[in-house]
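Step one of this worksheet: look at the structure below.
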Amino acid sequence: MKTAFINTIILDPVSGIENKSSLLVENGVISKVGELTKDDLKDAKVYNLEGIYCVPGLMDMHVHLREPGREDEETIKTGCNSAAAGGFTSVLAMPDTKPIADNAEVLGFIRHKAQDHLVDVHLAGAVSFERKGTALAPLAELHEAGAVAFTDDEKAVKTASLLKNALEYAIMFDLPVIEHCEEESLGGGVANEGFLSTLLGLPPNPSVAEELIIVRDILISDYVGGKVHFSNISTKRAVEIIRSAKEKGSKITADTSPHYFSLTEEALKSYDTNLRVNPPLRSEEDLNAVIEGLRDGTIDCITSDHSPHAIEEKEMEFIYAPDGIVGLETELALTLTELVHKRKIPLSKIITLFAVNPRKILNLPVPQIKVGEKAELTLIDISQIWTVNIKDFKSKCKNSPFDKKLLTGKSVGVMNNSKLFYGGNYSGL
Amino acid sequence: MSLSSRHLIGLFGVPKDDIQNILDTAVTFREVLERPIKRVPTLQGKTIVNLFFESSTRTRISFELAQKRLSADVINFSASTSSTKKGETFKDTVRNIEAMKVDMIVVRHESSGVPQFLTRISKANIINAGDGRHEHPTQGLLDMFSIREKLGKLDGLKVCIIGDIAHSRVALSNIYGLKTMGAQVSLCGPPTMIPRGIEMLGVKIYHDINKAIAENDVLNILRIQLERDAGTTIPSLREYHNYFGVTSERLEKYNPNILILHPGPINRGVEISSEVADGPYQIILDQVTNGVAVRMAVLYLLGTMN
Ligand SMILES: [Zn+2]
């Protein structure tokens with residue numbers, strides 16, 4: 001089976017290619033890049049991608065797929081469909097399932113459920129047994145079962161001693177610990193502590209709760225030599241701390257999420273529970289610092305922290321509603337709108353953030369657009385103007401604060417594992 | 001003259017004319033409350049639901065009395081949210097309320113933002129009887145009413161609110177209302193009880209209670225939450241009383257003419273000493289009666305708008 005993408009713009013940040021070209025895929029492998037002959041196009045399914053970018057498949061290294069345990073909110077299949085619709089060919093599934101992914105059986109179950117999909121599901125194992133923060137989870141067993149990172153996500157690793165042990169142990173596999181940055185004894189509040197949390201009367205969550213974990217982890221990582229990845233960076237000070245630690249050679253990496261560069265705490269005036277995220281939405285100053293962190297490489301990648309929640313769980317009082325938003329299907333579009341169009345960050349930089357850096361952090365191969373490589377591709381129309389409609393989400397849940405938002409740019413298709421998702425449909429190659 | 005909004009969610013942004021109107025109307029109702037027959041037919045045929053998700057006998061009784069004095073039909077709905085069923089009760093209740101044809105809803109909830117949420121899903125007039133640590137507008141109004149009744153004005157007065165401002169729903173309503181009416185507002189308490197950024201509202205902060213007493217005309221004392229505060233925001237109740245308690249010694253030494261308010265219920269020997277609570281400075285019991293009059297005024301003005 002042959003597929004031809006003609007008149008596309010190939011953009012591959014690894015090889016530095018950005019030019020108008022065409023691409024031939026045979027049996028899921030790139031067989032030709034460049035002008036295609038009549039012979040090449042014979043029997044091929046041809047897609048004319050005038051003005052559409054063809055880039056290495058994007059990865060989101062922080063998603064909650066909810067299966068096993070909360071299949072009413074998301075399944076591995078619907079989560080993967082959501083990823084494909086958002087332009088992603090690869091995700092890292094967080095271990096906070098029920099049961100928790102702190103053993104090989106659960107990882108095996110997820111792996112089994114995820115096989116045959118266009119989207120690759122990579123696995124993160126828990127750092128601690130049952131994510132309780134007391135005893136280490138069987139990290140070697142998790143590694144052998146395919147875990148590419150360890151995390152107690154939704155909580156930081158509970159104690160300094162547990163983190164030290166986890167980082168030391170993880171050196172054997174050269175895998176990172178991914179941190180949700182929130183010091184438990186200071187966190188728990190639902191709005192960024194400041195004038196706005198005071199005005200709205202919402203329990204405050206201070207920025208220092210985030211920064212404290214980052215400082216703790218940098219010190220322990222420096223001391224031990226293990227790798228730490230900070231997820232959902234949201235404060236100015238956090239960006240500064242990470243920047244200076246990286247300059248000094250700390251083995252740390254970081255990501256942020258689109259809501260931290262497209263919304264501020266001001267939005268909470270509506271008390272819309274879809275705005276409850278953790279860390280909480282911060283100030284304008286923080287938002288600008290996060291964008292600068294992305295621009296100068298302090299922040300390595302963008303993740304959605306895709307967190308589907310059932311309507312009945314989000315439709316409640318602000319202080320009781322769970323944190324998190326459905327993110328996979330707005331993530332790329334928000335990034336293109338806010339960073340490429342408004343802040344003039346080059347598209348090639350954005351593709352590096354999405355396609356290259358997460359895989360480097362997780363020691364995964366980076367897809368490349370060249371002959372002989374597996375065809376793992378995302379097709380992006382950077383100028384299409386469209387309106388988000390939560391009813392169109394492939395995710396089972398609709399908890400998004402971006403409903404009805406006008407965005408510029410989106411993914412129009414993805415290809416991976418000999419499958420193509422284009423125009424809302426899957427087809428085999 | 002009618003109010004500029006059909007709900008009372010908070011005193012934030014409420015214009016001076018509206019507050020003036022409510023306070024003046026409350027004067028009339030205060031007179032009604034002194035009559036042998038205290039009932040007026042003003043809200044006959046109107047149905048009001050008191051939706052209390054958090055128990056507060058005093059506030060509910062005050063509203064209920066105000067509603068009955070105005071001849072409204074009253075439905076009391078108390079739903080204490082148990083920790084296991086948080087949220088469930090709220091949603092089911094709200095669905096029921098939507099189906100009911102009620103004219104006004106008085107709501108109290110431990111989560112900020114619930115009254116505002118109700119304005120989006122119900123056609124009724126919504127009155128906030130306290131949400132989270134956000135606002136408690138009728139308490140703010142009755143405090144202003146009580147001060148004005150005693151001192152004859154609000155404009156130019158110096159009012160200090162003392163206590164756990166961070167967890168208070170009374171403080172913000174007082175700050176907004178009093179400032180709109182031309183008073184100068186200050187806060188007093190240990191820094192752990194002063195919420196971040198509140199000075200941006202243009203309020204002075206004291207950590208020295210003697211100074212606060214000396215420099216103000218009115219002291220509004222907030223109740224200390226015994227279970228929550230001791231050992232966290234303050235080392236102990238004893239230390240709080242020693243450093244921030246309002247005692248007759250302090251009042252005599254620094255400002256014998258100061259007026260004392262307390263939204264109640266009081267903790268004797270903690271934020272206020274017994275002598276002060278029972279002494280000549282305070283208007284605590286007046287506040288209770290005034291509360292009914294002010295709530296009648298709010299119910300009347302909102303209930304007869306259209
Ligand atoms: Zn997460």
Check your understanding: Is it the case that more than 12 heavy atoms not belonging to B/Arg60 sit under 6.0 Å from its CZ atom?
Key -> yes
Check your understanding: Which pairs, with at least one residue in residues 265-279 of chain A and sequence neighbours excluded, count as a salt bridge (charged side-chain N to carboxylate O under 4.0 Å, His left out)?
Key -> A/Glu266-A/Lys269, A/Arg276-A/Asp323
Check your understanding: Of all of B/Glu135, B/His134, B/Gln116, B/Glu199, which one pairs up most often with chain A through heavy atoms under 4.5 Å apart?
Key -> B/His134
Check your understanding: Would you call B/Glu54-B/Arg169 a salt bridge at under 4.0 Å N-O?
Key -> yes
Review point. Which bit of B/Leu201 comes within less than 4.5 Å of chain A, counting heavy atoms only: side chain, backbone, both or neither?
Key: both
Review point. Tell me, side chain or backbone of B/Arg120 under 4.5 Å from chain A's heavy atoms, or both, or neither?
Key: side chain
Could you look at [X] and say if it's the side chain, the backbone, both or neither that has a heavy atom under 4.5 Å from chain B?
{"X": "A/Leu200", "result": "backbone"}
{"X": "A/Pro203", "result": "both"}
{"X": "A/Leu268", "result": "neither"}

Study note, to complete from the structure: In A/Thr235, A/Val215, A/Thr298, the residue satisfying side-chain contact (heavy atoms from CB on, under 4.5 Å) with A/Ile241 is A/Val215
**Study point:** Face-on cation placement of B/Arg295 at B/Phe63 ring, 6.0 Å and 45° thresholds
**Key:** yes
